[in-house]
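Contents: one structure, followed by commentary.
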Amino acid sequence: MLTCSQLGRTLLPPESRVLLADINFTIERGEVLAVVGPSGSGKSTLLRLLNRLDESTDGKVLLNGVDTRTLAPHELRHRVGMVMQRAYLFPGTVAENIAFGPQQCNQTLSPEEVGCHLAQVGLPGYASRNALTLSGGEAQRTAIARALANQPEVLLLDEPTAALDETARRGIETLLESLIRQRHLTCVWVTHSIEQARTMADKVLAIESGRVSAFGSAAEVLGA
């Protein structure tokens, strides 16, 4: 379960600007929450607050009832994974990218385990490939495998298909839908696509100018 209570972020002087205010929602284990709204509304800021890439100035985030501010950042980001719009892979092999997260928690993935993660995202045999030579779709699949290698409880998705062509976008959508349901992941998915939100999400949070304009089931917020 993931809960936000009165969550907000305000920039300090001299900017003194409210980025988010009074964000409240709860999603249960296995639910997908789509976050929608115009550019600049605060969607990506919300994701960054959920795993403390940015720190909130108001409210709190609870992960299974535990205030995330009490968790060490590396533990939190192990439990709350994130896939961004662009893959941002590390130099080196695909296998090294997959193994990076577990290594930060003193866990070593065997070649067989790395291969299993890659097979799950449709990249069998890619372990020894140079990560920086992959296509956009291949790189995003690797980024997803890298996030899932940590066995996260929550997966944050910041428009993971926005930088892809139509064919790659559909492939990544299908892949994510399968993985989310298979692993029973709690997922927060930022998207500009209303159709994507309607198709993928159980609940929808609409944000405008840093504040919630609607929250409910996909049918309630977006219509049929």
Side-chain angles (χ1 to χ4, degrees), residues 1-12 18-37 41-84 88 98-109 113 117 143-160 176 179-191 200-207 210-212 214-218 221:
M1 178 189 294
L2 185 69
T3 299
C4 286
S5 177
Q6 301 296 316
L7 189 66
R9 177 164 168 78
T10 302
L11 294 178
L12 298 175
V18 176
L19 300 181
L20 282 177
D22 301 324
I23 305 297
N24 297 280
F25 66 82
T26 295
I27 51 175
E28 303 292 336
R29 183 173 183 266
E31 287 188 325
V32 176
L33 172 70
V35 182
V36 300
S41 61
K43 302 186 300 298
S44 293
T45 297
L46 172 59
L47 285 197
R48 292 176 65 84
L49 296 183
L50 295 181
N51 72 349
R52 292 178 58 202
L53 288 174
D54 287 334
E55 297 288 355
S56 62
T57 53
D58 298 287
K60 57 187 176 181
V61 178
L62 303 179
L63 178 61
N64 296 325
V66 176
D67 190 330
T68 57
R69 291 172 297 187
T70 68
L71 302 175
H74 76 274
E75 178 187 351
L76 174 62
R77 290 165 197 158
H78 192 82
R79 297 172 63 185
V80 181
M82 189 169 187
V83 177
M84 299 183 180
Y88 297 110
I98 303 303
F100 177 81
Q103 285 174 349
Q104 306 314 298
C105 295
N106 299 314
Q107 300 172 10
T108 300
L109 294 184
E113 289 172 317
H117 285 295
I144 293 167
R146 183 174 64 186
L148 293 179
N150 289 324
Q151 303 295 328
E153 298 164 46
V154 179
L155 184 63
L156 309 178
L157 300 168
D158 193 0
E159 300 194 78
L176 284 170
L179 290 171
I180 289 166
R181 305 307 179 193
Q182 174 187 335
R183 294 179 176 233
H184 208 50
L185 281 169
T186 306
C187 184
V188 182
W189 188 323
V190 166
T191 179
M200 302 297 295
D202 302 297
K203 294 178 179 176
V204 174
L205 180 77
I207 300 179
R211 295 180 181 272
V212 175
F215 173 64
S217 70
V221 176

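We're numbering straight along the sequence, starting at 1.
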Here the pair of heavy atoms bringing Cys105 nearest to His74 is SG-CD2, 4.3 Å

In residues 25-35, what donor-acceptor pairs under 3.5 Å come from side-chain atoms, sequence neighbours left out?
| from | atom 1 | to | atom 2 | distance (Å) |
| --- | --- | --- | --- | --- |
| Thr26 | OG1 | Thr3 | OG1 | 3.2 |
| Glu31 | OE1 | Glu28 | N | 2.8 |
| Glu31 | OE1 | Lys203 | NZ | 3.2 |

In short, Leu109 meets Ala149 closest at the heavy-atom pair CD1-CB, 4.1 Å

Tightest non-hydrogen contact, residues Lys43 and Gly37, listed as NZ-O, 3.0 Å

Between Pro152 and Gly81, the two heavy atoms sitting closest are CB-N, 3.8 Å

d(Ile23 CD1, Arg9 CZ) to nearest 0.5 Å is 13.5 Å

Here the gap from Thr186 atom OG1 to Ile180 atom CD1, rounded to the nearest 0.5 Å, amounts to 10.0 Å

Exercise for review: Would you mind reporting whether Leu19 and Thr10 have side-chain heavy atoms less than 4.5 Å apart?
Suggested key: no

Contacts satisfying salt bridge (charged side-chain N to carboxylate O under 4.0 Å, His left out) that involve residues 52-62 (not counting sequence neighbours) are Arg48-Asp54, Arg52-Glu55

Item to complete: Show your reasoning for whether side chain to side chain contact (heavy atoms under 4.5 Å, CB included) applies to Cys187 and Leu157.
Response: CA-CA 7 Å; Cys187 184; Leu157 300 168; 3.4 Å; yes

The side-chain contact (heavy atoms from CB on, under 4.5 Å) partners of Gln6 (sequence neighbours excluded) come to Asp22, Asn24

**Request:** With the side chain counted from C-beta on, respond yes when Thr191 and Val36 share a heavy-atom pair under 4.5 Å apart, and no when they do not.
**Result:** yes

Here the pair of heavy atoms bringing Leu155 nearest to Ala147 is CD1-CB, 4.0 Å

side-chain contact (heavy atoms from CB on, under 4.5 Å) filter on Gln104, not counting sequence neighbours, yields Phe100

Here the pair of heavy atoms bringing Leu185 nearest to Leu179 is CD1-O, 4.4 Å

Salt bridge (charged side-chain N to carboxylate O under 4.0 Å, His left out) pairs touching residues 69-83, sequence neighbours excluded, are Asp67-Arg69, Glu75-Arg79, Arg79-Glu153

| query | So, do Asp158 and Trp189 sit near enough that their side-chain heavy atoms are less than 4.5 Å apart? | reply | no

With sequence neighbours left out, the residues meeting side-chain contact (heavy atoms from CB on, under 4.5 Å) with Val61 are Leu2, Cys4, Leu7, Leu50, Thr68

dist Leu53:CG -> Ser44:OG (nearest 0.5 Å) comes out at 11.0 Å

> Quick one: does Leu20's side chain get under 4.5 Å of Arg211's, heavy atoms only?
Replying inline: no

Would Gln151 and Arg183 satisfy side chain to side chain contact (heavy atoms under 4.5 Å, CB included), going step by step from the backbone distance to the final call? CA-CA 9 Å; Gln151 303 295 328; Arg183 294 179 176 233; 3.7 Å; yes

Problem set entry | Side-chain donor or acceptor of His117 paired with backbone N/O of Ala145 under 3.5 Å | no

Mind checking whether Leu176 and Pro160 have side chains closer than 4.5 Å, heavy atoms only?
yes

